Amino acid sequence: MKKIEAIIKPFKLDEVKDALQEAGVDGITVTEAKGFGRQKGHTELYRGAEYVVDFLPKLKIDIIIADNLLEQAIEAIQKSAHTGRIGDGKIFVTNVEQAVRIRTGETGDAAV
């Protein structure tokens with residue numbers, strides 16, 4: 001099993017969710033996040049005063065999937081979250097040693 005963590009722009013959530021469902025992903029967890037990468041935030045003008053916005057709003061998507069769905073899921077996220085502008089996000093993949101469904105006690109791929 002693999003865990004995919006994707007950091008995306010908030011307005012891309014519906015597109016990413018739909019693309020993942022088409023790729024065969026059954027469930028996702030979405031968390032609101034704030035952060036910055038290479039862009040280091042930006043400056044904004046509010047009522048004549050300029051101020052720096054260091055942390056930009058993002059969404060973090062967590063997915064646990066079977067190994068055979070990994071490439072399709074990554075491709076779905078990458079294509080649907082892409083705008084071509086700075087701050088599109090990142091995708092991280094890590095190994096998952098074990099998963100247990102609390103309700104039934106199922107383990108491994110069956111728990112996902």
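These numbers come from a predicted model, not from an experiment.
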**Item:** Where P10 and P57 come nearest, the two heavy atoms and their spacing
**Value:** CD-O, 3.5 Å
**Request:** Taking all heavy atoms of A73 and all of L20, pick out the closest pair and write down the distance.
**Result:** O-CD2, 3.8 Å
**Request:** Report the C-alpha distance between I77 and I63 in whole Å, list the side-chain angles of each, state the deciding distance to 0.1 Å, and finish with yes or no for side chain to side chain contact (heavy atoms under 4.5 Å, CB included).
**Result:** CA-CA 11 Å; I77 295 168; I63 309 162; 4.0 Å; yes
**Prompt:** Going hydrophobic residue to hydrophobic residue with side-chain gaps under 4.5 angstrom, can you get from V16 over to L69?
**Reply:** yes
**Asked** If two hydrophobic side chains count as joined below 4.5 Å and joins carry through other members, does I8 share a cluster with I74?
**Response** yes
**Request:** Side-chain contact test, heavy atoms from C-beta onward, threshold under 4.5 Å: evaluate it for I61 versus L13 and give yes or no.
**Result:** yes
**Request:** State, with a plain yes or no, whether a side-chain heavy atom of E5 is found less than 4.5 Å away from one of K60.
**Result:** yes
**Request:** Evaluate the criterion side chain to side chain contact (heavy atoms under 4.5 Å, CB included) for residue pair L59 and F11; output intermediate values, then yes/no.
**Result:** CA-CA 9 Å; L59 292 179; F11 67 89; over 6 Å; no
**Asked** What residue among I64, D62, L70 forms side chain to side chain contact (heavy atoms under 4.5 Å, CB included) with I4?
**Response** L70
**Asked** Sequence neighbours excluded, which residues qualify as side chain to side chain donor-acceptor pair (under 3.5 Å) partners of K9?
**Response** none
**Fill in**
Rounded to the nearest 0.5 Å, the NZ atom of K12 sits from the CG atom of D88 at a distance of 7.5 Å
**Request:** Evaluate whether atom CD of Q78 has more than 12 neighbouring non-hydrogen atoms of other residues, nucleotides or ligands under 6.0 angstrom away.
**Result:** no
**Message:** Assess the residue pair V112 and M1 against the criterion (side chain to side chain contact (heavy atoms under 4.5 Å, CB included)); give the C-alpha distance rounded to whole Å, side-chain angles, the decisive distance to 0.1 Å, and a yes or no.
**Reply:** CA-CA 9 Å; V112 179; M1 291 177 296; 3.6 Å; yes
Side-chain polar contacts of residues 89-102 - donor-acceptor pairs under 3.5 angstrom, sequence neighbours left out - could you list them?
from, atom 1, to, atom 2, distance (Å)
N95, OD1, K2, NZ, 2.3
R101, NE, E106, OE1, 2.8
R101, NH2, A110, O, 3.1
R101, NH2, A111, O, 3.2

